[in-house]
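First up is the structure itself, then whatever we jot down about it.
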Amino acid sequence: MRKILLMVLVLASAVGTQQAVALGDDALVADSAALVMKGDAMQGDDDDDDDDTVPSNKLHAAGQLKPYEPPKAPDFNFIKSRTNPAVKPYRFLDDQTWVGIPVFAAGLIVKSEKAAFRQNYKNPNTKIRLIKYNFHNEIDNYTQYVPLALTIGLKIAGVESRSDWPRFWASSAASAAIMAGLVNGIKYTASEMRPDGSTRNSWPSGHTATAFMAATILHKEYGMTRSPWFSVGAYTLATATGVMRVLNNRHWISDVLSGAGIGILSVELGYGLMDLLFKHRGLQRGDMGIYPDLRTNPSFFDISMGIGLGNKNLELPPVDFNIPAEFLDEGESSTSESLKLKFRSATVVGAEAAYFFNPYIGVGGRLRVKATPINGWSQFALSEEGDIQQLLRDPLLEQSIQNIALTIESDHLTEFAADAGVYFSWPLSSRFALGAKALIGRSVMNAIDINAAYHGQQLKFNAECLIDDSAPMFTPSDQVIDYKWDYINVEASNSMKFGSGISLSYAHKNNFAWRVFCDYDYSRKTFTATYHPLGLMEGLSPDVVSLMQIYDWDMTKPAVSSTKKSLHQWVLGGALSIHF
């Protein structure tokens, strides 16, 4: 009996094999359906009780859907729908990270501290630049679109992404519509003046919002489904676009932060709405994970913001104008009072990245901009301007000078720092990790600056005064000029800097993590003040300048003083990280 049963089994197996060969593609379809049903069973029931659509795996098994075929390069079927039944549909609330909201709020906080960048709005001559250098580059008009162009290029090349073409177009269009509505609605309601004084539509930054929208689309389509390096590259480029908007003096830091938050949030909402509308249709690849595991993925790229604390005062020695004694009243000195500067808390923004060789040690670097306002700089300018107006009460000067004004070009020390070094991580669990670092780098600091401008007639020396004591020494000439000069400038030398810090990271989801940190930086700089109130005479009367050279008084040279100071800076803040 056992031999007979064995022969029956062998014959049945042979017949089954011949039938499979004869059936050909039909057998492959059945096998594919079985595999899809097995995959769905492993993922769990994806259909809600209130969803009356027929599950795609059942349609596939019934022969109503063709087996899923990944796109083949190149893919120009821009309207063709292609669904992978094995991909679990996204759920709106489960898929939202909401990271855009705190980033937008960070910009709102910085905006409320705008006095840190412009202390005295009532001074009509205030013309603040966050960046004093005359930097201009229009590359940010193009970099804002690069991540989106890369996404489309990868899809055309046939690199399978999260969505098929119809779902991608719909999700991207919805994201762009939400972003445009939020940006323009806030821009023309807030009416924030741009730092260059051109228009009242500064906050938030539309370029930055577009750049982060494009970066988040690439993050959704490829960073979450294929490799987080897509996300790192996209957000690095978006951050560079925001930095360029500040360097071009077109936006405040608050505009860039809020724009970044809107860009990220718009994509999450746009994709979330299309997930509700499309359900399982048009999905090609699922996410690689819900949240990063900090035990295996400590490498990161982040955007940070914080408040800088540390040195509060800077006193520069008195300056000597070298005025000859014969021109001074009894007891009068040619030496000015010492210049005392008081620092306020700094606003700090930066980008940082590190690559870890193992869960504990890696290498990386940091770029940081820190703006430290100077208390009373506007009041100093108004006081100096008042002294000049007092001088103009002389009848001769009133006759020759039509206008003289001081302009504040910068009232805060802005530091640019680049650092590199060793990073450490100590994973407490899959979602929490402690971090530390030891860095060395270079610090470049902008100057605080007040310029002056004079408009009027030049004074010429009257030779008759040598004969007639009653004759005026100077008389107005027919030559009308506009003359500008640096009234006072305080700058710091470039220097090496050393940094360290500790942090605590929390893995959120979709490769995002939050990090709070406390950093310490040390540098030693030489601060130099160049003070030239007598520069007025170079434009007002070259004859006076030449005459004073007889008394060995060179009025063309400004007074200079300098001092060395060690800077101890603490930065407390938070960061949004992409882990990989």
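Aromatic ring centres of F424 and W426: separated by at least 6.0 Å. Taking the six-membered ring wherever Trp is involved, the centroid distance between the rings of H219 and Y271 does not fall below 6.0 Å. Aromatic rings of F104 and W203 (six-membered ring for Trp) have centroids within the 6.0 Å cut-off, being under it. When ring centroids are compared, W514 and Y506 stay outside the 6.0 Å threshold. Aromatic rings of Y454 and Y483 (six-membered ring for Trp) have centroids beyond the 6.0 Å cut-off, not under it. For Y355 and F300, the ring centers are positioned 6.0 Å apart or more.
In this structure, R366 pairs ionically with D519, as a charged nitrogen and a carboxylate oxygen lie closer than 4.0 Å. Taking 4.0 Å as the cut-off between side-chain N and carboxylate O, K565 and E315 do not count as a salt-bridged pair. Contact check on D95 versus K220 returns a salt bridge, with a Lys/Arg side-chain nitrogen under 4.0 Å from an Asp/Glu carboxylate oxygen. A salt bridge between K497 and D419 is present, with a side-chain N of the basic residue lying under 4.0 Å from a carboxylate O of the acidic one. Remark: R162 does not engage E221 in a salt bridge, criterion side-chain N to carboxylate O under 4.0 Å. With salt bridges taken as basic N to acidic carboxylate O contacts below 4.0 Å, none links K370 and D521.
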In sequence, state the C-alpha distance, the side-chain angles, and the governing distance for Y235 and D302, and then conclude on side-chain contact (heavy atoms from CB on, under 4.5 Å). CA-CA 9 Å; Y235 284 115; D302 73 26; over 6 Å; no
Step by step, work out the side-chain contact (heavy atoms from CB on, under 4.5 Å) result for T335 and V319. CA-CA 6 Å; T335 303; V319 296; over 6 Å; no
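In this structure, the side chains of L294 and P298 stay at 4.5 Å or more apart for every pair of heavy atoms. Side-chain contact between V349 and L257 is present, with heavy atoms from C-beta onward closer than 4.5 Å. Taking the side chain as every heavy atom from C-beta outward, V490 and T528 never approach each other to under 4.5 Å. Between V369 and V348, every side-chain heavy-atom pair lies at or beyond the 4.5 Å cut-off. Looking at F517 and L504, their side chains never come closer than 4.5 Å, going by heavy atoms from C-beta outward. You'll find the side chain of I448 reaches within 4.5 Å of the side chain of L413, heavy atoms only. Two residues are said to be in side-chain contact when any heavy atoms from C-beta on lie closer than 4.5 Å; L434 and L428 meet this criterion. Side chains of N297 and F580 form no contact here, defined as non-hydrogen atoms less than 4.5 Å apart.
Side chain to side chain, S334 and D320 meet the donor-acceptor criterion of an N or O pair below 3.5 Å. Of the N and O atoms on the side chains of Y531 and S561, not one donor lies less than 3.5 Å from an acceptor on the other residue. Between the side chains of H207 and N141, a donor-acceptor pair is found at a separation under 3.5 Å. Using modelled atom types and a 3.5 Å distance limit, the side chains of S495 and K525 yield a donor-acceptor pair. There is a side-chain donor-acceptor pair under 3.5 Å between E268 and T97.
For the residue pair G223 and S231, the shortest heavy atom distance occurs at CA-OG, 3.2 Å. Smallest separation of non-hydrogen atoms from I178 and G270: CD1-N, 3.7 Å. Smallest separation of non-hydrogen atoms from P147 and L237: CD-CD2, 3.9 Å. Between S429 and R295 the shortest heavy-atom distance is O-CG, 3.5 Å. Looking at every heavy atom in both residues, M244 comes nearest to D140 through CB-CB, 3.7 Å. Shown here for L218 and A234, the closest heavy-atom pair between the two residues is CD2-CB, 3.6 Å.
A donor-acceptor pair under 3.5 Å links the side-chain atoms of N358 to the main chain of I361, judged by distance alone. Distance alone, capped at 3.5 Å, places no donor-acceptor pair between the R515 side chain and the S505 backbone. Of the possible donor and acceptor atoms, one in the side chain of S227 sits under 3.5 Å from a partner among the backbone N and O of W229. The backbone N or O of T208 sits nowhere less than 3.5 Å from a side-chain atom of Q144 that would complete a donor-acceptor pair. Side-chain atoms of R524 never come within 3.5 Å of backbone atoms of L567 as a donor-acceptor pair (strictly under, hydrogens ignored). Between the side chain of S304 and the backbone N or O of G574 there is no donor-acceptor pair closer than 3.5 Å. The backbone N or O of Q96 lies less than 3.5 Å from a partner atom in the side chain of K509, making a donor-acceptor pair. With hydrogens and angles ignored, the 3.5 Å screen pairs a side-chain donor or acceptor of D554 with a backbone N or O of T556. Judged by distance alone, with hydrogens and angles left aside, the side-chain atoms of D255 form no donor-acceptor pair with the main-chain N or O of H251 at under 3.5 Å. When atom types are taken as modelled, the side chain of E385 and the backbone of L406 share a donor-acceptor pair closer than 3.5 angstrom.
Between Y520 and W570, the ring-plane angle classifies as tilted under the 30° and 60° cut-offs.
T296 OG1 to H579 NE2: the interatomic distance, rounded to the nearest 0.5 Å, is 11.0 Å. Interatomic distance, N494 CG to S443 OG, rounded to the nearest 0.5 Å: 7.0 Å.
Within a 6.0 Å sphere centred on NZ of K312, heavy atoms belonging to other residues, nucleotides or ligands number more than 12.
For the side-chain hydrogen bond (donor to acceptor under 3.5 Å, both in side chains) criterion with R250, the lone passing option out of S198, S202, S205 is S198.
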